[in-house]
Student: 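Below: one structure in structure tokens.
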Amino acid sequence: MLTRSEIDALFRPDLPEPEHWERTYPPRDLPAGALVTRFAPSPTGFMHIGGIYVAMIARDVARRSGGSYFVRVEDTDQARGVEGAMEQFDRAFEYFSIQPTEGEGTGAYGPYRQSQRADLYLTFVRHLLRQGQAYLCFATREELAEMAARQQAAKVPTGYYGRWATWRDAPAEQVRAALAEDRPYVVRFRSPGRPGVRMRYVDQIRGPIEADENRNDVVILKASDQALPLPTYHFAHVVDDHLMRVNLVIRADEWISSVPVHHQLSAALGFEPFSYAHIAPLLKQEGGSKRKLSKRKDPEASVDYYIEAGYPVEAVLYYLRGLANGRLAELPLAEALTAPIRIEECGVSGALIDLPKLDHISADVIVGLSGDEILTEVTRWASTYDPELVELIDAERDLARRALAIEREGVDNPRKDLKKWSEFRRIYGYFFTRLAPTPVLEGPLASIDPAVVRGMMGEFAASYQHLDDPQEWFNQIRELAARHGFAGSQKEFKANPGRYHGSIREPSQIIRIALTGSTRSPDLFQVARALGREETVRRVSLLA
RNA sequence: GGCCCCGUCGUCUAGUGGCCUAGGACACCGCCCUCUCAAGGCGGCGGCGGCGGUUCGAAUCCGCUCGGGGCUACCA
């Protein structure tokens, strides 16, 4: 083993001692039971919806308990960092209103970016080195790869342990020689793990979990030949979560198998063991099986998907909260959004993202909004994703209000036709004068004698009365239809198919197409009232 | 290969030995309403991965097995 001075010579002379950091970041003064949680994304790409999911849970339990929640950026992998990722995170958190309660400028436990915390890690790396709980390893990547290949061939566990850990007990002379040659090295943890010995801990969601002790001499500090030597995730997690006084580590369940490593590292540093809550991942159906949502393959894995589609924030949050804690999925929106997520009630198995379900929830959320509120939200969304729509709404705002009032205001069960803001144009666009449809008769309607259609629509346009009683208004169509050879009802038509061109249904549909461009629309009378007399006549005249 | 996690209708779940002939929600199908669509109302389809055991009795407990996922990096 290297002498203390040889070890210290590897570090900056003024690198603080562990006690310095312990004093700088004292235990938090919080009421009993208050939880300190964090979300630790790495800036390697766009924000994953699973990140929002975990962050939402972590924030909720912390706030609920009177504790604190912060975001710590895990940017220790210099090679994979993506420019602008941080900003995208902030935007996503703000959009879903899950901003940290503590952070740069407002928190006393920063910096909140690992690349700015290098000295902290170095202090504790040196500490372990001095105590012989860590050592320098000069193995090259090639040597390591070859070793792994041999281990696989021999069907023994892969890793740096036992007789494979060649630098673990290398003579000091050999280490000095390597150092003298300026060979790059990493610092490895000297694992105290014994073969066949088990460790156990209690996960806050899953209960007792048992596993083999870690025997791997994991890397804790990466390549010495980098400009800024940084720790691996495992080491950073232990140092950071201890010093930032996190008392409940909430993270995705892919970390479960690393707990034995974290446990050893934490013990070696003399820290209190962490309490963990491992969250089941969000999955995606593929063929007959499920797999993790993939950033590359699944558009719905990105938060941008939800933002661009224009799902109301409340709908996404409600859905996610329900997935996290089933109890909340049974609650009405308002309660579900404010009821606490109970960590012990979180599911243990991964859930498939069910977009139709989100749509349903979203429609429920939107149906609770007034027309003006919808216009506000649509405009907000469209200002980024459909600027022309903003102009259309601004130009004919009253018309938009009337359109949205149809079957929505003053009725028992309001119309649930909008699921997301991006659908507004398709569903309500035809109201706007500039988007007025060109009527085309298709399908069964196309087989009606064009002369009959023209005659009927001509008469309708000429004699149209903009009545305000729904029944009287519709009677115009009934009488018109009868005069032009259509039965007054489906029944009547079916009784004597030969006597009619069709039933009241066809003339209604023709007018519907004239007014809306589609065979599917809200109540005709109300559409006509919203459009106004002039526009109604103008549109019908196109078929005359 | 080794270790770990998970496994109730298509999906999310309720269920902790008898209240389970397994409940609810979404999706799907049908009917009602009706000038179309949406909504709504009513009804339907559909599940304890499998096998053994414990027990008077098991979705619930035990064992094995199968399936899915994760880790096994100087990625997090």
Side-chain angles (χ1 to χ4, degrees), chain A residues 40-44 74-77 79-80 114 137 139-141 144-145 148 151-159 184-188 203 206 209-212 214 216 218-226 229-234 236-237 251-261 278 280-281 283 285 288-292 319 322-323 326-327 329-330 347-361 363 367 407-408 411-418 427 474 477-478 481 489-490 503-513 516 518-525:
Chain A
S42 69
T44 53
E74 310 247 321
D75 56 349
T76 57
D77 187 351
R80 298 204 313 159
Q114 290 183 332
C137 169
T140 64
R141 286 174 191 270
L144 259 15
Q151 288 171 328
Q152 273 168 16
K155 296 208 191 300
V156 297
T158 50
Y185 62 88
V186 298
V187 178
R188 285 185 185 271
D203 186 277
R206 290 155 206 270
I209 292 180
E210 210 179 277
D212 288 340
N214 170 60
N216 237 318
V218 293
V219 172
I220 57 176
L221 191 72
K222 301 194 268 193
S224 62
D225 57 351
Q226 297 295 304
L230 285 170
T232 55
Y233 171 86
H234 302 115
H237 150 234
R251 60 185 2 180
D253 73 355
E254 67 214 43
W255 293 109
I256 289 180
S257 36
S258 301
V259 171
V261 175
H278 292 280
L283 306 174
Q285 181 92 51
S289 70
K290 303 172 179 179
R291 47 153 247 255
K292 260 173 68 172
Y319 178 58
L323 278 186
R327 181 176 48 87
E330 309 292 321
V348 293
S349 59
L352 246 34
I353 289 274
D354 186 356
L355 257 14
K357 179 120 182 177
L358 209 211
D359 278 347
H360 182 266
I361 289 169
V367 87
E407 293 174 325
R408 187 185 305 277
V411 294
D412 288 338
N413 52 318
R415 188 170 185 83
K416 278 193 193 176
D417 51 0
L418 265 182
I427 298 174
F474 195 76
I477 297 179
R478 278 190 201 288
S489 72
Q490 281 278 82
S503 73
I504 183 70
R505 188 182 189 131
E506 285 75 21
S508 301
Q509 286 295 67
I510 293 168
I511 293 171
R512 188 183 309 283
I513 286 176
T516 71
S518 166
T519 54
R520 302 150 55 138
S521 84
D523 180 71
L524 263 191
F525 161 73

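Order of the sequence lines sets the chain letters (A, B, ...), proteins ahead of strands, with each chain counted from 1.
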Student: Go ahead and name the base partner of B/C37; Watson-Crick or wobble counts if both distances stay under 3.5 Å, otherwise write none.
Tutor: none
Student: Go through the structure and list residues passing side-chain hydrogen bond (donor to acceptor under 3.5 Å, both in side chains) with A/Arg408, not counting sequence neighbours.
Tutor: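 Once residues adjacent in sequence are excluded, the partners of A/Arg408 under the side-chain hydrogen bond (donor to acceptor under 3.5 Å, both in side chains) criterion are A/Asp417, A/Tyr428.
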Student: Please classify the nucleic acid contact of A/Gly350 as base, sugar-phosphate, or nothing, using heavy-atom distances under 4.0 Å.
Tutor: sugar-phosphate
Student: Return the nucleotide paired to B/C48: Watson-Crick means purine N1 to pyrimidine N3 with N6-O4 or O6-N4, wobble means G-U with N1-O2 and O6-N3, both under 3.5 Å.
Tutor: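 Across any shown strand, B/C48 pairs with none.
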Student: Separation of A/Asp212 atom CG from B/G2 atom P, in whole Å?
Tutor: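 Answer to the nearest Å: 12 Å.
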Student: If I pick the C1' atom on B/C48 and the same atom on B/G15, what distance separates them, to the nearest angstrom?
Tutor: 10 Å
Student: Is any side-chain heavy atom of A/Pro260 closer than 4.5 Å to one of A/Asp212?
Tutor: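 No - every pair of side-chain heavy atoms lies 4.5 Å or more apart.
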Student: Take atom P in B/G69 and the same atom in B/U8, then report the distance between them in whole Å.
Tutor: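 Rounded to whole Å, the distance is 15 Å.
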Student: Taking B/A22 as the reference, what is the distance to B/C9 when you measure between their C1' atoms (whole Å, please)?
Tutor: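 Straight-line distance between the two C1' atoms is 10 Å.
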Student: Partner lookup for B/U54, please. Criteria are Watson-Crick or G-U wobble with both distances under 3.5 angstrom; report none if nothing qualifies.
Tutor: none
Student: Write down the distance separating the P atoms in B/U21 and B/C3, rounded off to the nearest Å.
Tutor: 40 Å
Student: With sequence neighbours left out, write down each residue that passes ring-ring contact (aromatic ring centres under 6.0 Å, His included) with A/His234, or none if nothing qualifies.
Tutor: A/His262
Student: Mind checking the P distance from B/C20 to B/U72? Whole angstroms is fine.
Tutor: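 The same atom, P, in both gives a distance of 46 Å.
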Student: If we take the P atom in both B/U60 and B/G52, what is their distance in whole Å?
Tutor: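 14 Å, rounded to whole Å.
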Student: Name the pairing partner of B/U60, where a pair is Watson-Crick or G-U wobble with both distances under 3.5 Å, or state none.
Tutor: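 Answer to the pairing question: none, since B/U60 forms no Watson-Crick or G-U pair.
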Student: Looking at NE2 of A/His278 and CD1 of A/Ile209, how far apart are the two atoms once the value is rounded to the nearest 0.5 Å?
Tutor: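 Those atoms lie 6.5 Å apart.
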Student: Please list, chain by chain and in numerical order, all residues satisfying side-chain contact (heavy atoms from CB on, under 4.5 Å) with A/Ala252, sequence neighbours excluded.
Tutor: A/Glu254
Student: Quick one: list whatever passes side-chain hydrogen bond (donor to acceptor under 3.5 Å, both in side chains) with A/Gln152, sequence neighbours left out.
Tutor: none
Student: Applying the Watson-Crick and G-U wobble criteria at under 3.5 Å, what pairs with B/U21? Answer none if nothing qualifies.
Tutor: none
Student: Mind calculating the distance between CG (A/Asp412) and C1' (B/C33) to the nearest angstrom?
Tutor: 14 Å
Student: Say you draw a straight line from OG of A/Ser349 to CG of A/Leu283; how long is it, rounded to the nearest 0.5 Å?
Tutor: 8.5 Å
Student: side-chain hydrogen bond (donor to acceptor under 3.5 Å, both in side chains) with A/Asn216: which residues, sequence neighbours excluded?
Tutor: none
Student: Considering only atom P, compute the distance from B/A76 to B/A59 and round it to an integer number of Å.
Tutor: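 Going atom to atom, P in each nucleotide, I get 47 Å.
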Student: Of all residues at least two apart in sequence or in a different chain, which pass the ring-ring contact (aromatic ring centres under 6.0 Å, His included) check with A/Phe474?
Tutor: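 With neighbours one apart ignored, the set is empty.
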Student: Within the 4.0 Å limit for protein heavy atoms, which parts of nucleotides 70-76 of chain B are touched? Write it as a string from 5' to 3', B for base, S for sugar-phosphate only, - for none.
Tutor: BSSSBBB
Student: Roughly, in whole Å, what's the span from CG in A/Leu352 to C1' in B/C9?
Tutor: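 Rounded to whole Å, this separation is 14 Å.
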Student: List in chain and number order the residues that pass side-chain hydrogen bond (donor to acceptor under 3.5 Å, both in side chains) with A/Arg206, two or more places apart in sequence or in another chain; answer none if no residue qualifies.
Tutor: A/Asp253
Student: Output one letter per nucleotide in nucleotides 35-41 of chain B: B when a protein non-hydrogen atom lies under 4.0 Å from the base, S when only the sugar-phosphate is that close, - when neither is.
Tutor: BBBBBS-
Student: Looking only at non-hydrogen atoms, find the nearest pair between A/Ser521 and A/Arg512 and report the distance.
Tutor: OG-NH1, 2.7 Å
Student: On RNA chain B, compare the nucleotides closest to A/Pro356 and A/Ala211; which residue's is nearer the 5' end?
Tutor: A/Ala211
Student: Side chain of A/Asp354 only, please: which of B/G1, B/U11, B/C4 is the nearest?
Tutor: B/U11
Student: Rounded to whole angstrom, note down the P distance from B/G70 over to B/G63.
Tutor: 26 Å
Student: For B/C26, what is the paired nucleotide under Watson-Crick or G-U wobble rules, both distances under 3.5 Å?
Tutor: B/G10
Student: Expressed in angstrom and rounded to an integer, what is the separation of A/Asp359 atom CG from B/A25 atom P?
Tutor: 19 Å
